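Everything quoted here is computed from the prediction, not taken from an experiment. Each ligand, and each atom within it, is numbered from 1 in the order the structure gives.
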Amino acid sequence: MSADSNKSIQNWNEDPFIQNLKALTESIWLNPDILSFDEATKDIALSAADVADAEARLERFRPYIAKVFPETEATQGLIESPLRRIPHMQAALTEYATMPLSGDLLLKCDSHLPISGSIKARGGIYEVLNYAEKLALAAGMLSEYDDYAKLDSEEFRTFFSDYSIAVGSTGNLGLSIGIMGARLGFSVIVHMSSDARQWKKDMLRSKGVVVVEHDSDYSVAVAEGRLQADSDPHCYFVDDERSVTLFLGYAVAAKRLKEQLHEQNIVVDAKHPLFVYLPCGVGGGPGGVAFGLKLTFGNNVHCFFAEPTRSPAMLLGLYTKLHDNVCVQDFDIDNRTAADGLAVGRPSGFVSNTMQHLIDGAFTVSDDTMFTLLALLSDTEDILLEPSALAGMPGIARIQNCEEYIHQHKLQNSMHSATHIVWGTGGSMVPPDELQNYYKTGAALRSKK
Ligand SMILES: *Cc1c(COP(=O)(O)O)cnc(C)c1O
């Protein structure tokens, strides 16, 4: 690190908001640089056409997906999750937050996305498909007008086995890339950080994926993977810190969400604002979804990132505008959280820059809060998620407590008709005994309170 950036981090140390983050206090940040959608996107190289391109590619792959993943047969190969009202949880949250919570609370159940059971089944799988299509088109083995079910053949698996895909991951991205890549016939190498759960490594190995364990955190796992892939022209690296392809795969979620809202007769307009709370790690997943949401709903959607108090990487990047030139360790924050999907110390520079004028804000949540809400959701709605997926749950109360935001956006008269969506980013693939342990931790915290 240069002397200059050291100095600027020194200066930030004195900042009162940074001091709150250092003290691990649950905090909320409202983006002072938010611009209207049209202004904010002037400097962004990505557009609705790019998201539409990703959507069309996923359409082409549907016959293949439906064929090789029978759990997607019912949706004809569409990898999508339910959107559920959670009224009992809303009632319990009212009690928990000791304040009335108006509007409607819903859970976007990406925890139950087919194939890999987390939000990574959007971007991760999309990037693998994108790479496979590119190779097959270039080799003249495939045309965009073909029935892609033909990819499920020895001919294609043999062709793809000459190529490898590598990725660095805290776990869930590795699962998505590993499951999809191995199914197509690629050899896959997943570089796992030390916080990755054992069952994820075991599951990947059972599918023939090579798992490289690193005794270090996520950024190092990514860097090592990148280095190794760089030296091999037949190896494609899925770069979680920089990939535009991943980002676009996530962004496709928004238009589908719009259809689901429409089916449930939920209106989004100036009088019916939509709030979306997105658990954030390196930023690609929540950033991509938020970008798609802003494209789809314009200024009527309000998007917030949610991060662990011990891993507020994106919040630091956005707040200081140092983006990927800052990490939580620069402020003596230890990046040790049970929310393994969010255990990221340094944000994606690409996502942090892209979202600087688009994201409405961000807040931090302690591990105890995530575990407590995990048990509460299980008791009230019978849904068990992994800790990361609960990070967005306090959003509805945080925002309704935030008069500054409500006044700034002239929302006083529309909060009663607002919709709040918590992005439930993962959980259904977690082994039952592990889920039970999460629940017990949360239940114990609840009874202490
Ligand atoms: C990866 C992940 C996130 C965050 O996505 P990023 O792209 O890392 O910001 C949130 N929740 C879960 C369960 C995840 O696996």
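- Geometrically, ligand 1 and Gly283 share a nitrogen or oxygen pair separated by less than 3.5 Å.
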Would Leu204 and Asp202 satisfy side-chain contact (heavy atoms from CB on, under 4.5 Å), going step by step from the backbone distance to the final call?
CA-CA 5 Å; Leu204 283 171; Asp202 296 342; over 6 Å; no

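- Using a 30° and 60° split on the angle between ring planes, His234 and Tyr163 fall in the parallel class, below 30°.
- Close approach to Gly285 involves these atoms of ligand 1, each under 4.0 Å from a residue heavy atom: 6 (P), 7 (O).
- The atoms of ligand 1 that sit less than 4.0 Å from any heavy atom of Thr425 are 10 (C), 11 (N), 12 (C), 13 (C).
- In Val282, the parts holding a heavy atom less than 4.0 Å from any atom of ligand 1 are both the side chain and the backbone.
- Distances between N or O atoms of Gly426 and those of ligand 1 include no value under 3.5 Å.
- With 3.5 Å as the limit, one finds no donor-acceptor pair spanning the side chains of Glu26 and Thr309.
- Of the N or O atoms in Gly284, one or more lie within a sub-3.5 Å distance of an N or O in ligand 1.
- Inclusion of Glu386 in the set of residues having an N or O under 3.5 Å from an N or O of ligand 1 is not warranted.
- Here is the list of ligand 1 atoms found below 4.0 Å of a heavy atom in Asn172: 13 (C), 14 (C), 15 (O).
- The closest approach between a heavy atom of Ala389 and any atom of ligand 1 is not below 4.0 Å.
- Ring-plane geometry between Phe275 and His302 is classed as parallel, the angle between the planes falling under 30 degrees on a 0 to 90 degree scale with a further cut at 60.
- The pair Asp367-Arg310 does not count as a salt bridge, with every side-chain nitrogen at least 4.0 angstrom from each carboxylate oxygen.
- For a threshold of 3.5 Å applied to N or O pairs, the pair formed by Ser388 and ligand 1 contains no separation below that value.
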Between Lys448 and Asp368, does a salt bridge (charged side-chain N to carboxylate O under 4.0 Å, His left out) hold up when you go through it step by step?
CA-CA 11 Å; Lys448 253 197 266 168; Asp368 280 4; over 6 Å; no

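- Looking only at atom types and distance, the side chain of His420 has no donor-acceptor partner in the side chain of Gln90 under 3.5 Å away.
- A salt bridge is absent between Arg226 and Asp230: the closest approach of a Lys/Arg side-chain nitrogen to an acidic carboxylate oxygen does not fall below 4.0 angstrom.
- Salt bridge status for Asp360 with Lys294: present, with a side-chain N to carboxylate O gap under 4.0 Å.
- In terms of protein heavy-atom proximity, atom 1 (C) of ligand 1 is closest to Lys120 NZ, 1.3 Å.
- Looking at ligand 1, you won't find any N or O of Cys280 less than 3.5 Å from one of its N or O atoms.
- Contacts between Leu342 and ligand 1, counted as non-hydrogen atom pairs separated by less than 4.0 Å, involve the side chain only.
- Considering both main-chain and side-chain atoms, Pro286 never comes within under 3.5 Å of ligand 1 through any nitrogen or oxygen pair.
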